[in-house]
Amino acid sequence: MSDTGDSWYVALLGLAESFRQANNIKECVRCLTAVFSFSPPPVIVARTHLQLGNILHIKTNNQDLAKQHLSQAWYISQPLQGIDEVKFEAASLLAKVHDGAGDQTGGRDILVTAIELSQSNEYWHCRLTFQLASLHTAVLDYNSAHTVLQTGADYAFLHQAYYTRSLFVLSKTMLFLCERRFQEANPLLQQISPDIENWVVSYQHLGQAVAGQQKEYLQMFYLVLQVCYYLMVGQVKSVKAVLKQLQQSIQTITAPDWPVDADLSRSREADQFIWMPREHLCVLVYLVTVMHSMQAGFMEKAERYTDKAIVQISKLKTHTDSPILSTFHVMLVEHMIQCRLVMGNKTKAVSELGILTKLLSSNSLLLSRHRAQLHTLLGLYAMSMNCMEAAESQLNAALRTSKERELWTFANLNLAIVYLRQSRNSDFMALLDRISPDQLPSSSHCMKAAAYYIHGLQAFFSSQYGESKRYLRETLKMANAEDLNRLTSCSLVLLGHIFLSLGNAKESMNMVTPAMQ
(Lines give C-alpha, C1' and ligand atoms only; values in the text may rest on other atoms or scores of the structure.)
Protein backbone atom coordinates (compact mmCIF):
# COMPACT_ATOMS: atom_id res chain seq x y z
CA MET A 1 0.00 0.00 0.00
CA SER A 2 1.20 3.58 -0.64
CA ASP A 3 2.19 5.95 2.11
CA THR A 4 -0.96 8.02 1.60
CA GLY A 5 -3.29 5.06 1.04
CA ASP A 6 -2.66 3.35 4.36
CA SER A 7 -3.04 6.39 6.64
CA TRP A 8 -6.52 5.24 7.70
CA TYR A 9 -5.04 1.88 8.74
CA VAL A 10 -2.23 3.42 10.79
CA ALA A 11 -4.73 5.80 12.42
CA LEU A 12 -7.13 3.00 13.38
CA LEU A 13 -4.29 0.84 14.74
CA GLY A 14 -2.97 3.74 16.82
CA LEU A 15 -6.43 4.52 18.18
CA ALA A 16 -7.08 0.84 18.96
CA GLU A 17 -3.76 0.60 20.83
CA SER A 18 -4.50 3.73 22.90
CA PHE A 19 -7.86 2.26 23.92
CA ARG A 20 -6.19 -1.09 24.73
CA GLN A 21 -3.65 0.60 26.99
CA ALA A 22 -6.51 2.41 28.74
CA ASN A 23 -8.20 -1.00 29.13
CA ASN A 24 -11.19 0.22 27.11
CA ILE A 25 -11.59 -3.08 25.27
CA LYS A 26 -14.98 -2.25 23.74
CA GLU A 27 -13.62 0.80 21.86
CA CYS A 28 -10.41 -1.05 20.96
CA VAL A 29 -12.49 -3.79 19.31
CA ARG A 30 -14.63 -1.16 17.51
CA CYS A 31 -11.52 0.47 16.00
CA LEU A 32 -10.10 -2.85 14.80
CA THR A 33 -13.47 -3.94 13.39
CA ALA A 34 -13.64 -0.67 11.44
CA VAL A 35 -10.60 -1.81 9.42
CA PHE A 36 -12.82 -4.25 7.49
CA SER A 37 -15.04 -1.43 6.16
CA PHE A 38 -12.12 -0.20 4.01
CA SER A 39 -11.94 -3.55 2.11
CA PRO A 40 -8.21 -4.02 2.82
CA PRO A 41 -6.07 -6.71 1.15
CA PRO A 42 -6.08 -10.27 2.57
CA VAL A 43 -2.83 -9.76 4.50
CA ILE A 44 -4.37 -6.94 6.56
CA VAL A 45 -7.68 -8.80 6.91
CA ALA A 46 -5.89 -11.85 8.34
CA ARG A 47 -3.73 -9.75 10.69
CA THR A 48 -6.76 -7.77 11.94
CA HIS A 49 -8.76 -10.95 12.61
CA LEU A 50 -5.76 -12.23 14.60
CA GLN A 51 -5.55 -9.00 16.62
CA LEU A 52 -9.28 -9.12 17.37
CA GLY A 53 -9.17 -12.81 18.27
CA ASN A 54 -6.17 -12.26 20.53
CA ILE A 55 -7.65 -9.35 22.48
CA LEU A 56 -11.07 -11.03 22.82
CA HIS A 57 -9.40 -14.23 24.03
CA ILE A 58 -7.22 -12.49 26.62
CA LYS A 59 -9.41 -9.60 27.77
CA THR A 60 -13.01 -10.88 27.55
CA ASN A 61 -15.15 -13.93 28.24
CA ASN A 62 -16.46 -13.98 24.67
CA GLN A 63 -14.44 -16.99 23.57
CA ASP A 64 -16.89 -17.88 20.77
CA LEU A 65 -16.29 -14.54 19.06
CA ALA A 66 -12.54 -14.88 19.67
CA LYS A 67 -12.68 -18.30 18.00
CA GLN A 68 -14.54 -16.87 14.99
CA HIS A 69 -11.90 -14.20 14.40
CA LEU A 70 -9.00 -16.61 14.92
CA SER A 71 -10.60 -19.12 12.54
CA GLN A 72 -10.85 -16.38 9.91
CA ALA A 73 -7.21 -15.38 10.46
CA TRP A 74 -6.09 -19.03 10.16
CA TYR A 75 -8.22 -19.73 7.08
CA ILE A 76 -7.29 -16.53 5.19
CA SER A 77 -3.56 -16.68 5.98
CA GLN A 78 -2.94 -20.32 5.01
CA PRO A 79 -2.44 -19.75 1.24
CA LEU A 80 -0.62 -16.41 1.71
CA GLN A 81 3.16 -16.11 1.58
CA GLY A 82 5.37 -14.02 3.85
CA ILE A 83 3.03 -13.82 6.85
CA ASP A 84 4.16 -16.85 8.85
CA GLU A 85 3.90 -14.88 12.09
CA VAL A 86 0.18 -14.23 11.51
CA LYS A 87 -0.52 -17.71 10.15
CA PHE A 88 1.08 -19.73 12.93
CA GLU A 89 0.17 -17.44 15.81
CA ALA A 90 -3.46 -17.70 14.67
CA ALA A 91 -3.17 -21.51 14.62
CA SER A 92 -1.54 -21.58 18.06
CA LEU A 93 -4.15 -19.32 19.67
CA LEU A 94 -7.05 -21.07 17.93
CA ALA A 95 -5.84 -24.43 19.23
CA LYS A 96 -5.70 -22.94 22.76
CA VAL A 97 -9.27 -21.66 22.47
CA HIS A 98 -10.47 -25.09 21.28
CA ASP A 99 -8.58 -26.75 24.14
CA GLY A 100 -10.03 -24.31 26.69
CA ALA A 101 -13.53 -25.13 25.44
CA GLY A 102 -12.87 -28.85 25.93
CA ASP A 103 -12.44 -29.57 22.21
CA GLN A 104 -8.97 -31.11 22.35
CA THR A 105 -9.54 -32.96 19.07
CA GLY A 106 -10.22 -29.69 17.23
CA GLY A 107 -7.12 -28.11 18.77
CA ARG A 108 -5.01 -31.13 17.84
CA ASP A 109 -6.17 -31.09 14.20
CA ILE A 110 -5.29 -27.40 13.82
CA LEU A 111 -1.83 -27.93 15.30
CA VAL A 112 -1.14 -30.98 13.12
CA THR A 113 -1.97 -28.95 9.99
CA ALA A 114 0.09 -25.98 11.19
CA ILE A 115 3.08 -28.22 11.92
CA GLU A 116 2.90 -29.63 8.38
CA LEU A 117 2.82 -26.09 6.94
CA SER A 118 5.70 -24.83 9.13
CA GLN A 119 8.43 -27.21 7.96
CA SER A 120 10.47 -24.29 6.58
CA ASN A 121 10.00 -22.09 9.67
CA GLU A 122 12.20 -23.59 12.40
CA TYR A 123 10.95 -21.43 15.27
CA TRP A 124 7.24 -21.95 14.66
CA HIS A 125 7.64 -25.63 13.79
CA CYS A 126 9.32 -26.32 17.16
CA ARG A 127 6.94 -24.08 19.10
CA LEU A 128 3.83 -25.73 17.62
CA THR A 129 5.35 -29.17 18.24
CA PHE A 130 5.85 -28.36 21.93
CA GLN A 131 2.24 -27.12 22.07
CA LEU A 132 0.88 -30.29 20.47
CA ALA A 133 2.85 -32.46 22.92
CA SER A 134 1.47 -30.37 25.80
CA LEU A 135 -2.08 -30.85 24.52
CA HIS A 136 -1.63 -34.64 24.34
CA THR A 137 -0.12 -34.65 27.84
CA ALA A 138 -3.04 -32.66 29.28
CA VAL A 139 -5.46 -35.43 28.21
CA LEU A 140 -3.02 -38.13 29.47
CA ASP A 141 -2.31 -39.38 25.93
CA TYR A 142 1.34 -39.98 26.79
CA ASN A 143 2.09 -42.25 23.82
CA SER A 144 1.10 -39.55 21.32
CA ALA A 145 3.01 -36.94 23.35
CA HIS A 146 6.17 -39.10 23.25
CA THR A 147 5.81 -39.54 19.47
CA VAL A 148 5.41 -35.78 18.94
CA LEU A 149 8.39 -34.94 21.18
CA GLN A 150 10.60 -37.47 19.40
CA THR A 151 9.59 -36.01 16.04
CA GLY A 152 10.49 -32.56 17.40
CA ALA A 153 13.87 -33.80 18.67
CA ASP A 154 14.66 -35.33 15.26
CA TYR A 155 13.62 -32.12 13.45
CA ALA A 156 15.74 -29.95 15.78
CA PHE A 157 18.77 -32.23 15.31
CA LEU A 158 18.45 -32.10 11.50
CA HIS A 159 18.33 -28.29 11.65
CA GLN A 160 21.30 -28.17 14.07
CA ALA A 161 19.14 -26.65 16.83
CA TYR A 162 20.92 -28.70 19.49
CA TYR A 163 19.70 -26.67 22.47
CA THR A 164 16.05 -27.15 21.46
CA ARG A 165 16.72 -30.83 20.73
CA SER A 166 17.90 -31.14 24.35
CA LEU A 167 14.67 -29.48 25.54
CA PHE A 168 12.66 -32.08 23.58
CA VAL A 169 14.71 -34.93 25.11
CA LEU A 170 14.32 -33.54 28.65
CA SER A 171 10.57 -33.13 28.01
CA LYS A 172 10.38 -36.80 27.02
CA THR A 173 12.21 -37.68 30.23
CA MET A 174 9.75 -35.60 32.26
CA LEU A 175 6.85 -37.53 30.71
CA PHE A 176 8.48 -40.86 31.57
CA LEU A 177 8.75 -39.65 35.18
CA CYS A 178 5.08 -38.61 35.15
CA GLU A 179 4.25 -42.16 34.08
CA ARG A 180 6.75 -43.58 36.61
CA ARG A 181 8.55 -45.33 33.77
CA PHE A 182 11.89 -44.96 35.52
CA GLN A 183 13.67 -47.55 33.39
CA GLU A 184 13.09 -45.38 30.31
CA ALA A 185 13.75 -42.06 32.08
CA ASN A 186 17.13 -42.93 33.60
CA PRO A 187 18.96 -43.78 30.33
CA LEU A 188 17.83 -40.45 28.83
CA LEU A 189 19.12 -38.57 31.88
CA GLN A 190 22.44 -40.41 31.68
CA GLN A 191 22.65 -39.78 27.94
CA ILE A 192 22.11 -36.03 28.15
CA SER A 193 24.18 -35.35 31.29
CA PRO A 194 27.63 -35.19 29.59
CA ASP A 195 26.18 -33.06 26.77
CA ILE A 196 25.02 -30.45 29.29
CA GLU A 197 28.27 -30.65 31.27
CA ASN A 198 30.36 -29.88 28.15
CA TRP A 199 27.86 -27.44 26.61
CA VAL A 200 29.92 -24.23 26.72
CA VAL A 201 32.97 -25.94 25.18
CA SER A 202 30.93 -27.73 22.51
CA TYR A 203 28.97 -24.64 21.45
CA GLN A 204 31.43 -21.81 22.09
CA HIS A 205 30.88 -20.68 18.48
CA LEU A 206 27.51 -19.34 19.68
CA GLY A 207 29.35 -16.95 21.97
CA GLN A 208 30.27 -17.42 25.62
CA ALA A 209 27.19 -15.58 26.94
CA VAL A 210 24.58 -17.46 24.88
CA ALA A 211 26.24 -20.87 25.39
CA GLY A 212 26.50 -20.23 29.14
CA GLN A 213 22.86 -19.19 29.36
CA GLN A 214 21.72 -22.24 27.40
CA LYS A 215 23.78 -24.56 29.61
CA GLU A 216 22.37 -23.13 32.84
CA TYR A 217 18.74 -23.47 31.70
CA LEU A 218 19.28 -27.03 30.47
CA GLN A 219 21.04 -27.89 33.72
CA MET A 220 18.15 -26.47 35.77
CA PHE A 221 15.68 -28.64 33.82
CA TYR A 222 17.94 -31.69 34.21
CA LEU A 223 18.49 -31.18 37.95
CA VAL A 224 14.76 -30.64 38.63
CA LEU A 225 14.05 -33.96 36.90
CA GLN A 226 16.75 -35.71 38.94
CA VAL A 227 15.44 -34.28 42.22
CA CYS A 228 11.88 -35.27 41.32
CA TYR A 229 13.02 -38.80 40.48
CA TYR A 230 14.70 -39.26 43.87
CA LEU A 231 11.70 -37.82 45.72
CA MET A 232 9.26 -40.00 43.75
CA VAL A 233 11.14 -43.16 44.73
CA GLY A 234 11.49 -41.91 48.33
CA GLN A 235 15.29 -41.66 48.35
CA VAL A 236 15.57 -38.65 50.63
CA LYS A 237 19.26 -39.06 51.46
CA SER A 238 20.36 -39.73 47.88
CA VAL A 239 18.77 -36.50 46.61
CA LYS A 240 20.71 -34.16 48.92
CA ALA A 241 23.71 -33.54 46.64
CA VAL A 242 21.53 -32.96 43.56
CA LEU A 243 19.18 -30.64 45.47
CA LYS A 244 22.16 -28.61 46.70
CA GLN A 245 23.40 -28.29 43.11
CA LEU A 246 19.91 -27.19 42.01
CA GLN A 247 19.82 -24.53 44.74
CA GLN A 248 23.23 -23.25 43.59
CA SER A 249 21.99 -23.09 39.99
CA ILE A 250 18.94 -21.01 40.91
CA GLN A 251 21.22 -18.59 42.75
CA THR A 252 23.30 -18.27 39.58
CA ILE A 253 20.38 -17.45 37.27
CA THR A 254 18.68 -15.07 39.72
CA ALA A 255 21.86 -13.06 40.34
CA PRO A 256 21.61 -9.37 39.30
CA ASP A 257 24.28 -9.77 36.60
CA TRP A 258 22.59 -12.78 34.95
CA PRO A 259 21.24 -12.00 31.43
CA VAL A 260 17.47 -11.59 31.08
CA ASP A 261 15.55 -14.44 29.44
CA ALA A 262 14.95 -12.30 26.34
CA ASP A 263 18.70 -12.42 25.61
CA LEU A 264 18.23 -15.97 24.31
CA SER A 265 16.71 -14.32 21.23
CA ARG A 266 20.29 -13.60 20.16
CA SER A 267 20.65 -17.30 19.39
CA ARG A 268 19.30 -18.92 16.23
CA GLU A 269 15.52 -18.82 15.73
CA ALA A 270 14.91 -22.48 16.53
CA ASP A 271 16.80 -22.14 19.84
CA GLN A 272 14.75 -19.28 21.33
CA PHE A 273 12.93 -21.38 23.94
CA ILE A 274 13.14 -21.79 27.68
CA TRP A 275 11.49 -24.51 29.75
CA MET A 276 10.28 -22.05 32.38
CA PRO A 277 10.98 -18.37 33.21
CA ARG A 278 13.58 -18.00 35.93
CA GLU A 279 11.05 -16.41 38.32
CA HIS A 280 8.91 -19.56 38.03
CA LEU A 281 11.99 -21.75 38.39
CA CYS A 282 12.72 -19.98 41.67
CA VAL A 283 9.28 -21.00 43.00
CA LEU A 284 9.77 -24.55 41.73
CA VAL A 285 13.08 -24.88 43.59
CA TYR A 286 11.35 -23.70 46.78
CA LEU A 287 8.63 -26.32 46.16
CA VAL A 288 10.98 -29.29 45.71
CA THR A 289 12.94 -28.11 48.77
CA VAL A 290 9.69 -28.17 50.77
CA MET A 291 8.92 -31.67 49.44
CA HIS A 292 12.37 -32.90 50.48
CA SER A 293 12.15 -31.27 53.92
CA MET A 294 8.76 -32.91 54.51
CA GLN A 295 10.02 -36.38 53.60
CA ALA A 296 13.17 -35.91 55.72
CA GLY A 297 11.13 -34.68 58.70
CA PHE A 298 12.50 -31.10 58.79
CA MET A 299 9.17 -29.36 59.39
CA GLU A 300 10.49 -25.92 60.38
CA LYS A 301 12.56 -25.78 57.19
CA ALA A 302 9.50 -26.81 55.13
CA GLU A 303 7.50 -23.97 56.75
CA ARG A 304 10.22 -21.38 56.01
CA TYR A 305 10.54 -22.30 52.35
CA THR A 306 6.76 -22.47 51.89
CA ASP A 307 6.43 -18.91 53.23
CA LYS A 308 9.16 -17.70 50.85
CA ALA A 309 7.54 -19.45 47.88
CA ILE A 310 4.06 -18.06 48.56
CA VAL A 311 5.44 -14.50 48.88
CA GLN A 312 7.17 -14.97 45.51
CA ILE A 313 3.96 -16.33 43.93
CA SER A 314 1.96 -13.35 45.25
CA LYS A 315 4.48 -10.93 43.68
CA LEU A 316 4.43 -12.74 40.33
CA LYS A 317 0.61 -12.93 40.24
CA THR A 318 0.40 -9.13 40.31
CA HIS A 319 2.01 -9.17 36.84
CA THR A 320 0.77 -12.41 35.31
CA ASP A 321 -1.84 -15.07 36.06
CA SER A 322 0.10 -18.14 34.98
CA PRO A 323 -1.69 -21.51 35.49
CA ILE A 324 1.54 -23.14 36.66
CA LEU A 325 1.86 -20.63 39.51
CA SER A 326 -1.63 -21.63 40.68
CA THR A 327 -0.56 -25.30 40.59
CA PHE A 328 2.60 -24.52 42.58
CA HIS A 329 0.51 -22.58 45.12
CA VAL A 330 -1.89 -25.50 45.60
CA MET A 331 0.97 -28.00 46.03
CA LEU A 332 2.70 -25.77 48.59
CA VAL A 333 -0.49 -25.42 50.64
CA GLU A 334 -1.04 -29.20 50.47
CA HIS A 335 2.43 -29.81 51.89
CA MET A 336 1.98 -27.12 54.52
CA ILE A 337 -1.24 -28.74 55.79
CA GLN A 338 0.62 -32.04 56.26
CA CYS A 339 3.41 -30.16 58.00
CA ARG A 340 0.99 -28.47 60.44
CA LEU A 341 -0.66 -31.81 61.25
CA VAL A 342 2.67 -33.51 61.94
CA MET A 343 3.64 -30.63 64.25
CA GLY A 344 0.26 -30.82 66.01
CA ASN A 345 -0.86 -27.35 64.88
CA LYS A 346 -4.45 -28.26 64.03
CA THR A 347 -5.74 -24.67 64.07
CA LYS A 348 -3.38 -23.62 61.28
CA ALA A 349 -4.04 -26.89 59.45
CA VAL A 350 -7.80 -26.30 59.29
CA SER A 351 -7.24 -22.67 58.30
CA GLU A 352 -5.02 -23.77 55.41
CA LEU A 353 -7.55 -26.44 54.43
CA GLY A 354 -9.93 -23.51 53.94
CA ILE A 355 -7.35 -21.72 51.78
CA LEU A 356 -6.82 -24.88 49.73
CA THR A 357 -10.57 -25.36 49.22
CA LYS A 358 -10.88 -21.74 48.06
CA LEU A 359 -7.98 -22.11 45.62
CA LEU A 360 -9.46 -25.30 44.13
CA SER A 361 -13.06 -24.09 43.97
CA SER A 362 -11.98 -21.12 41.83
CA ASN A 363 -10.39 -23.38 39.19
CA SER A 364 -12.32 -26.41 37.89
CA LEU A 365 -9.22 -27.93 36.24
CA LEU A 366 -7.18 -27.74 39.45
CA LEU A 367 -10.13 -29.14 41.42
CA SER A 368 -10.41 -32.16 39.12
CA ARG A 369 -6.66 -32.84 39.46
CA HIS A 370 -6.41 -32.28 43.24
CA ARG A 371 -9.77 -33.55 44.49
CA ALA A 372 -8.23 -36.80 45.77
CA GLN A 373 -5.46 -34.87 47.57
CA LEU A 374 -8.08 -32.67 49.27
CA HIS A 375 -10.02 -35.74 50.46
CA THR A 376 -6.78 -37.27 51.77
CA LEU A 377 -5.85 -34.13 53.69
CA LEU A 378 -9.34 -33.88 55.18
CA GLY A 379 -8.95 -37.53 56.21
CA LEU A 380 -5.61 -36.80 57.89
CA TYR A 381 -7.13 -33.81 59.72
CA ALA A 382 -10.06 -35.96 60.89
CA MET A 383 -7.55 -38.57 62.16
CA SER A 384 -5.70 -35.87 64.12
CA MET A 385 -9.04 -34.86 65.72
CA ASN A 386 -9.84 -38.52 66.50
CA CYS A 387 -12.92 -38.38 64.22
CA MET A 388 -12.39 -41.83 62.78
CA GLU A 389 -15.70 -42.15 60.90
CA ALA A 390 -15.06 -38.89 59.07
CA ALA A 391 -11.46 -39.96 58.38
CA GLU A 392 -12.62 -43.26 56.91
CA SER A 393 -15.19 -41.50 54.73
CA GLN A 394 -12.63 -38.99 53.37
CA LEU A 395 -9.92 -41.59 52.74
CA ASN A 396 -12.40 -43.81 50.88
CA ALA A 397 -13.42 -40.78 48.80
CA ALA A 398 -9.72 -40.24 48.03
CA LEU A 399 -9.41 -43.87 46.91
CA ARG A 400 -12.43 -43.49 44.61
CA THR A 401 -11.14 -40.29 42.97
CA SER A 402 -7.37 -40.89 42.92
CA LYS A 403 -5.68 -41.44 39.57
CA GLU A 404 -2.21 -41.64 41.10
CA ARG A 405 -0.69 -44.86 42.37
CA GLU A 406 1.34 -43.15 45.11
CA LEU A 407 -1.62 -41.24 46.52
CA TRP A 408 -3.77 -44.38 46.34
CA THR A 409 -1.13 -46.26 48.37
CA PHE A 410 -0.77 -43.38 50.86
CA ALA A 411 -4.56 -43.30 51.41
CA ASN A 412 -4.65 -47.07 51.96
CA LEU A 413 -1.83 -46.91 54.52
CA ASN A 414 -3.68 -44.23 56.48
CA LEU A 415 -6.96 -46.14 56.21
CA ALA A 416 -5.14 -49.11 57.74
CA ILE A 417 -4.16 -46.90 60.71
CA VAL A 418 -7.81 -45.82 61.09
CA TYR A 419 -8.87 -49.47 61.30
CA LEU A 420 -6.11 -50.27 63.81
CA ARG A 421 -7.11 -47.37 66.05
CA GLN A 422 -10.70 -48.65 66.04
CA SER A 423 -9.61 -52.27 66.66
CA ARG A 424 -11.27 -53.31 63.39
CA ASN A 425 -8.93 -56.19 62.70
CA SER A 426 -11.06 -57.86 60.01
CA ASP A 427 -11.23 -54.60 58.01
CA PHE A 428 -7.46 -54.24 58.40
CA MET A 429 -6.92 -57.77 57.12
CA ALA A 430 -9.13 -57.00 54.10
CA LEU A 431 -6.65 -54.22 53.22
CA LEU A 432 -3.64 -56.50 53.56
CA ASP A 433 -3.02 -57.08 49.84
CA ARG A 434 -2.99 -53.32 49.23
CA ILE A 435 -0.47 -52.51 51.98
CA SER A 436 1.81 -55.55 52.07
CA PRO A 437 5.42 -54.28 51.71
CA ASP A 438 6.25 -57.08 49.27
CA GLN A 439 3.22 -56.37 47.05
CA LEU A 440 3.02 -52.59 47.38
CA PRO A 441 2.07 -50.97 44.04
CA SER A 442 4.22 -47.97 44.96
CA SER A 443 7.86 -47.78 43.88
CA SER A 444 8.65 -45.40 46.76
CA HIS A 445 11.25 -46.36 49.38
CA CYS A 446 9.34 -44.19 51.91
CA MET A 447 6.01 -45.92 51.25
CA LYS A 448 7.53 -49.37 51.62
CA ALA A 449 9.19 -48.39 54.90
CA ALA A 450 5.86 -46.98 56.13
CA ALA A 451 4.10 -50.23 55.16
CA TYR A 452 6.55 -52.19 57.35
CA TYR A 453 5.84 -49.78 60.21
CA ILE A 454 2.06 -50.25 59.93
CA HIS A 455 2.46 -54.03 59.96
CA GLY A 456 4.64 -53.62 63.06
CA LEU A 457 1.92 -51.49 64.64
CA GLN A 458 -0.74 -54.12 63.88
CA ALA A 459 1.43 -56.89 65.35
CA PHE A 460 2.01 -54.74 68.48
CA PHE A 461 -1.73 -54.22 69.02
CA SER A 462 -2.17 -57.99 68.64
CA SER A 463 0.55 -58.54 71.30
CA GLN A 464 2.70 -60.35 68.72
CA TYR A 465 5.82 -58.62 69.97
CA GLY A 466 8.37 -60.76 68.16
CA GLU A 467 6.62 -60.22 64.84
CA SER A 468 6.27 -56.52 65.56
CA LYS A 469 10.00 -56.15 66.28
CA ARG A 470 10.82 -57.91 63.02
CA TYR A 471 8.72 -55.43 61.00
CA LEU A 472 10.00 -52.41 62.93
CA ARG A 473 13.65 -53.39 62.46
CA GLU A 474 12.97 -53.57 58.72
CA THR A 475 11.42 -50.09 58.95
CA LEU A 476 14.47 -48.78 60.82
CA LYS A 477 16.87 -50.29 58.31
CA MET A 478 15.03 -48.61 55.40
CA ALA A 479 14.47 -45.33 57.27
CA ASN A 480 18.13 -45.01 58.34
CA ALA A 481 19.31 -45.77 54.80
CA GLU A 482 17.53 -42.67 53.48
CA ASP A 483 17.37 -40.38 56.54
CA LEU A 484 13.60 -40.76 57.03
CA ASN A 485 13.80 -39.12 60.45
CA ARG A 486 10.10 -39.15 61.40
CA LEU A 487 9.74 -42.83 60.56
CA THR A 488 12.92 -43.60 62.53
CA SER A 489 11.55 -41.80 65.60
CA CYS A 490 8.12 -43.48 65.38
CA SER A 491 9.71 -46.91 65.04
CA LEU A 492 12.04 -46.36 68.01
CA VAL A 493 9.14 -45.18 70.19
CA LEU A 494 7.08 -48.25 69.29
CA LEU A 495 10.04 -50.54 69.94
CA GLY A 496 10.35 -48.80 73.32
CA HIS A 497 6.71 -49.70 74.06
CA ILE A 498 7.36 -53.32 73.08
CA PHE A 499 10.37 -53.66 75.41
CA LEU A 500 8.41 -51.98 78.20
CA SER A 501 5.55 -54.45 77.66
CA LEU A 502 8.11 -57.25 77.91
CA GLY A 503 9.37 -55.82 81.23
CA ASN A 504 12.71 -54.60 79.84
CA ALA A 505 12.73 -50.96 81.02
CA LYS A 506 16.44 -50.39 80.30
CA GLU A 507 16.15 -51.46 76.64
CA SER A 508 12.95 -49.41 76.38
CA MET A 509 14.89 -46.28 77.42
CA ASN A 510 17.61 -47.13 74.91
CA MET A 511 14.96 -46.95 72.19
CA VAL A 512 13.05 -43.88 73.35
CA THR A 513 16.03 -41.62 74.16
CA PRO A 514 17.41 -41.36 70.57
CA ALA A 515 13.84 -40.99 69.27
CA MET A 516 13.48 -37.73 71.18
CA GLN A 517 16.69 -36.18 69.82
Side-chain angles (χ1 to χ4, degrees), residues 43 46-47 50-51 53-54 70 73-74 76-96 107 110-135 145 147-172 174 192 195-196 198-222 253 258-281 322:
V43 171
R47 183 176 285 116
L50 172 59
Q51 290 167 320
N54 193 13
L70 292 170
W74 171 229
I76 293 167
S77 63
Q78 281 185 57
L80 301 178
Q81 301 299 314
I83 59 164
D84 280 2
E85 195 68 25
V86 172
K87 185 185 303 181
F88 299 126
E89 189 172 345
S92 177
L93 273 173
L94 185 57
K96 283 181 185 175
I110 290 161
L111 289 173
V112 168
T113 303
I115 288 168
E116 288 172 0
L117 293 173
S118 65
Q119 293 287 337
S120 60
N121 188 314
E122 295 176 11
Y123 169 77
W124 275 106
H125 187 83
C126 292
R127 178 171 158 177
L128 293 165
T129 301
F130 277 123
Q131 187 176 346
L132 180 57
S134 178
L135 190 150
T147 302
V148 169
L149 289 170
Q150 187 58 54
T151 304
D154 294 341
Y155 176 91
F157 182 77
L158 283 172
H159 290 78
Q160 299 182 327
Y162 300 117
Y163 166 73
T164 297
R165 178 189 176 274
S166 299
L167 288 178
F168 277 118
V169 172
L170 288 167
S171 298
K172 273 179 68 71
M174 181 169 62
I192 204 166
D195 291 345
I196 296 173
N198 301 315
W199 195 267
V200 175
V201 174
S202 302
Y203 300 104
Q204 56 187 324
H205 62 276
L206 298 172
Q208 192 79 12
V210 170
Q213 201 174 3
Q214 287 181 347
K215 178 190 174 175
E216 211 59 50
Y217 277 113
L218 290 175
Q219 183 159 282
M220 285 289 298
F221 197 169
Y222 169 80
I253 71 168
W258 184 256
V260 295
D261 291 346
D263 282 5
L264 271 178
S265 61
R266 289 181 295 163
S267 59
R268 55 180 300 149
E269 271 205 349
D271 280 336
Q272 294 179 11
F273 299 98
I274 53 171
W275 174 47
M276 200 180 287
R278 60 180 173 174
E279 296 82 8
H280 293 186
L281 282 169
S322 170

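In what follows, every heavy atom counts, from backbone to side chain, and hydrogens, waters and symmetry copies are set aside.
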>> Using side-chain heavy atoms (C-beta onward) and a distance below 4.5 Å, is Leu80 in contact with Lys87?
In response: no
>> Could you go through Glu85 and Trp124, starting from their C-alpha distance and side-chain angles, then the distance that decides it, and tell me whether this counts as side-chain hydrogen bond (donor to acceptor under 3.5 Å, both in side chains)?
In response: CA-CA 8 Å; Glu85 195 68 25; Trp124 275 106; 3.2 Å; yes
For residues 152-161, please give each side-chain donor-acceptor pair under 3.5 Å, one per line with the distance, not counting sequence neighbours.
{"residue": "Asp154", "atom": "OD1", "partner": "Gln150", "partner atom": "NE2", "Å": "3.0"}
{"residue": "Tyr155", "atom": "OH", "partner": "Gln119", "partner atom": "O", "Å": "2.8"}
{"residue": "His159", "atom": "ND1", "partner": "Tyr155", "partner atom": "O", "Å": "2.9"}

> How far apart are the C-alpha atoms of Tyr203 and Val210, what are their side-chain angles, what is the distance that settles it, and do they pass the side chain to side chain contact (heavy atoms under 4.5 Å, CB included) test?
Replying inline: CA-CA 9 Å; Tyr203 300 104; Val210 170; over 6 Å; no
> Minimum heavy-atom separation for Ala90 to Ala73, with atom names?
Replying inline: CB-CB, 3.9 Å
>> Test side chain to side chain contact (heavy atoms under 4.5 Å, CB included) on Val148 and Phe168; report intermediate values, then the result.
In response: CA-CA 9 Å; Val148 169; Phe168 277 118; over 6 Å; no
> To the nearest 0.5 Å, how far apart are CD1 in Ile115 and OG1 in Thr151?
Replying inline: 8.5 Å
> Does Lys96 reach the main-chain N or O of Gln131 with its side chain, forming a donor-acceptor pair under 3.5 Å?
Replying inline: no
>> For Val260 versus Gln213, what's the shortest heavy-atom pair and its separation?
In response: O-NE2, 3.1 Å
> Does the side chain to side chain contact (heavy atoms under 4.5 Å, CB included) test come out yes or no for Leu128 and Ser92, once each step is laid out?
Replying inline: CA-CA 7 Å; Leu128 293 165; Ser92 177; 4.0 Å; yes
> Which heavy atom of Ala133 sits nearest a heavy atom of Ala145, and at what distance?
Replying inline: O-CB, 3.7 Å
> Taking atom CD1 of Ile192 and atom CG of Leu170, what is their separation to the nearest 0.5 Å?
Replying inline: 4.0 Å
> How far apart are the closest heavy atoms of Gly212 and Trp258, and which atoms are they?
Replying inline: O-CH2, 3.9 Å
>> Which heavy atom of Met276 sits nearest to which heavy atom of Leu281, and what is that distance?
In response: O-CD1, 3.6 Å
>> So does Ala46 get a backbone contact from the side chain of Ser77, meaning a donor-acceptor N/O pair under 3.5 Å?
In response: no
>> Give me the atom names and distance for the closest heavy-atom approach of Cys126 to Thr164.
In response: SG-CG2, 4.1 Å
>> Is there a side-chain contact between Tyr217 and Tyr163 in this structure, where contact means two heavy atoms from C-beta onward sitting under 4.5 Å apart?
In response: yes
> Quick one: CD1 on Ile83 to CD on Gln78, what's the gap to the nearest 0.5 Å?
Replying inline: 10.5 Å
> Rounded to the nearest 0.5 Å, how far does CD of Glu89 lie from CG of Leu94?
Replying inline: 12.0 Å
>> When you compare the side chain of Leu93 with that of Leu50, does any pair of heavy atoms fall below 4.5 Å?
In response: yes
>> What's the separation between atom CG in Asp195 and atom NZ in Lys215, rounded to the nearest 0.5 Å?
In response: 12.0 Å
> Can you tell if the side chain of Phe221 reaches within under 4.5 Å of the side chain of Met174, non-hydrogen atoms only?
Replying inline: yes
> What do the steps show when you test Asp271 against Glu122 for side chain to side chain contact (heavy atoms under 4.5 Å, CB included), and what is the final call?
Replying inline: CA-CA 9 Å; Asp271 280 336; Glu122 295 176 11; over 6 Å; no
> Could you give the distance from CE (Met220) to CZ (Arg278), rounded to the nearest 0.5 Å?
Replying inline: 11.5 Å
> Counting only N and O atoms by type, is there a donor-acceptor contact under 3.5 Å from the side chain of Ser134 to the main-chain atoms of Phe130?
Replying inline: no
